Number of protein chains: 2
Amino acid sequence: MSERGRPRSFDRASALRRAMVVFWAKGYEGSSLSDLTAAMGINSPSLYAAFGSKEALFLEAIDLYTRSEGSDIWSTLEEAPTARLAIEGFLTQTAKAYSQTDRPQGCLIALGALHQDSSQGLICQDLRRRRAENHTALERRLQRAVAEGELAENFDCKSAATFFATVQHGMSIQARDGATHSALMATVNGAMAAWTAMAGPHA
Amino acid sequence: MSERGRPRSFDRASALRRAMVVFWAKGYEGSSLSDLTAAMGINSPSLYAAFGSKEALFLEAIDLYTRSEGSDIWSTLEEAPTARLAIEGFLTQTAKAYSQTDRPQGCLIALGALHQDSSQGLICQDLRRRRAENHTALERRLQRAVAEGELAENFDCKSAATFFATVQHGMSIQARDGATHSALMATVNGAMAAWTAMAGPHA
DNA sequence: CCTATTCTGTAACGATCGATACATAATTAT
DNA sequence: ATAATTATGTATCGATCGTTACAGAATAGG
């Protein structure tokens, strides 16, 4: 049974969400246990009992981030009727999400732990894997468009996916520098201008 | 006179260069005094006597980085005969520089200190200012092309500068993920496809 | 009731952080 | 030679890092 013993006095899901925001704003290295416990409203023994370690807490926070913050962006990619609308929607959702002022700007997965180090090998590895998955999702969506005849057979899906993924990563840094929604949309429009040239005049 | 007293037993410029590489690889937060003194081959009192503090050392390292590593990229922007070649050269130089394997990948100014914090306010502010200057340099080059008649009067220089600066920032993260030179060139080609669409068929 | 189990707050652990005090060594000025 | 000045190495500073020992509080099963 898991109902024995003294019951937890805080909401685990809510505490995780607050921890996610701290990591999002300060990165893995920059978030101290003091920062985390203060934001979560608990003491460190409770944190360790519930989540295991700072590293494990971060990994859970990343998972929550992917499920909550990333869903709008990536569902747009899959559900849009054409590849062009998929990419445009993907970038537009990104511009919208990254410029919200009620949360940290930019992407936790892109900015959370860029400097690999001995102590944070797992963290960097996990984030890198997720960034690679995002790249793959973009490439798959473009490959689908080729299979459906929307894009030419010789369309370079991998290169195009690399380009759009890179643009999104750049938007994270841009957002961290305080870029407004319209500034981010300038980048989106630039990227979509590239689409026109890459996909040919018929697309 | 500055020649009195016991002479310094290490080469200040060489030590600064080594410190720059440490900051470049690990970021400001991730670089400890132990990391720095070990790489510089000196003890901490010598570091403080020569550079003042970790923060001051970082600011000097950033300045050295701008002068040494950034010159190729930004001189290309200014010296290319047309705006198209300027942007293409700017991005191509970036792809080349970011994929060198004998130094850390990506840009120190873009990745050195993304998470603003109370303790590193000056650091973030300095990097942000330098990123803004880069954006301005791009915008100015495009404005020059408008003045020279290469680009149409209604060409949106600011938005285009934002787009290309964002692409370059994204390339830093891409490079940190181990992107090869050809992968970075895929992004460059994508961005230049955007140029074709933005500048019109006559460019 | 009692026991077992789990969580909570206090308090502290060893390690490392950035930064220095201090005595000594090495140089110039007089 | 002596004084003045500056750098070096050792050794350490207080603060903070991530983490945990421990005793008491709160629940369930018996």
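Every chain is numbered from 1 and lettered A, B, ... according to where its sequence line falls, protein lines coming before strand lines. Only heavy atoms go into these numbers, but all of them, side chains included; no hydrogens, no water, no symmetry mates. Note that this is a predicted model, so its numbers are computed, not measured.
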OP1 or OP2 of C:dC17 versus the side-chain N and O atoms of B:Ser34: is any pair under 4.0 Å? yes
Does A:Thr136 have any side-chain contact (heavy atoms from CB on, under 4.5 Å) partners at least two apart in sequence or in another chain, and if so, which?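 For A:Thr136, the residues satisfying side-chain contact (heavy atoms from CB on, under 4.5 Å) (neighbours in sequence not counted) are A:Arg140.
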Check each residue of residues 16-24 of chain A for a non-hydrogen atom within less than 4.0 Å of any atom in DNA chain D, then write out the ones that pass by number, or none.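 Nucleic-acid contacts, sorted: none.
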Could you tell me the separation between the CG atom of B:Leu57 and the P atom of C:dA19, rounded to a whole number of Å?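 Atom CG in B:Leu57 sits about 10 Å away from atom P in C:dA19.
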Residues in side-chain contact (heavy atoms from CB on, under 4.5 Å) with A:Arg103, at least two apart? A:Trp24, A:Glu69, A:Gln100
For DNA chain D, the residues among residues 41-48 of chain A that have a non-hydrogen atom under 4.0 Å from it: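 Hits under 4.0 Å, by residue number: A:Ser44, A:Pro45, A:Tyr48.
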Let me know the distance between CG of B:Asp11 and P of D:dA7, rounded to the nearest Å.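 Distance check: B:Asp11 CG to D:dA7 P gives 15 Å.
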Test of understanding: with side-chain contact (heavy atoms from CB on, under 4.5 Å), list the residues that count as partners of B:Ser68, not counting sequence neighbours.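 Once residues adjacent in sequence are excluded, the partners of B:Ser68 under the side-chain contact (heavy atoms from CB on, under 4.5 Å) criterion are B:Met20, B:Leu64.
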C:dG18 C1' sits how many Å from B:Asp35 CG, rounded? 13 Å
Report the residue (B:Phe10 or A:Ser31) whose heavy-atom-nearest nucleotide on DNA chain D is the more 5′ of the two.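 So the residue in question is B:Phe10.
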Restricting to non-hydrogen atoms, name the atom on B:Ser172 and the atom on B:Cys107 that form the minimum distance, rounded to 0.1 Å. OG-N, 3.0 Å
By the salt bridge (Lys or Arg N to Asp or Glu O under 4.0 Å) test, which pairs, at least two apart or in different chains, include something from residues 177-190 of chain B? A:Arg128-B:Asp177, A:Arg131-B:Asp177
What N/O pairs connect the protein and nucleotides 24-27 of chain D at under 3.5 Å? Give each pair on its own line.
from, atom 1, to, atom 2, distance (Å)
D:dA25, N3, A:Arg6, NH1, 3.3

Rounded to whole angstroms, how far apart are CG on A:Leu33 and C1' on D:dT20?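 About 11 Å, once rounded to whole Å.
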How many whole angstroms separate atom CD of B:Glu29 from atom C1' of C:dG18? 14 Å
When rounded to whole Å, the NZ to C1' distance for the pair A:Lys26 and D:dT16 reads 13 Å
Going by the salt bridge (Lys or Arg N to Asp or Glu O under 4.0 Å) test, which pairs reach into residues 36-54 of chain A, not counting sequence neighbours?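 The answer is none; no pair qualifies.
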Answer yes or no: is there a donor N or O on one side and an acceptor on the other, between the side chain of B:Glu150 and the main chain of B:Ala83, under 3.5 Å? yes
Take the protein atom CZ of B:Phe58 and the nucleotide atom P of C:dC17, then report the distance between them rounded to whole Å.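 It works out to 17 Å between those atoms.
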Salt bridge (Lys or Arg N to Asp or Glu O under 4.0 Å) partners of A:Asp63, counting only residues at least two apart: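 A:Asp63 satisfies salt bridge (Lys or Arg N to Asp or Glu O under 4.0 Å) with A:Arg67, A:Arg130 only.
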Under the side-chain contact (heavy atoms from CB on, under 4.5 Å) test, which residues partner B:Ala15, sequence neighbours left out? B:Phe10, B:Met40
So, using salt bridge (Lys or Arg N to Asp or Glu O under 4.0 Å) as the criterion, who are the partners of A:Arg144 when residues are at least two apart? A:Glu148
For residues 184-194 of chain B, please give each side-chain donor-acceptor pair under 3.5 Å, one per line with the distance, not counting sequence neighbours.
from, atom 1, to, atom 2, distance (Å)
B:Thr187, OG1, A:Thr166, OG1, 3.2
B:Thr187, OG1, B:Gln174, OE1, 3.1
B:Asn189, ND2, B:Met185, O, 3.2

Send over the distance from B:Ile123 CD1 to C:dG18 C1', rounded to a whole Å.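 Result: 13 Å.
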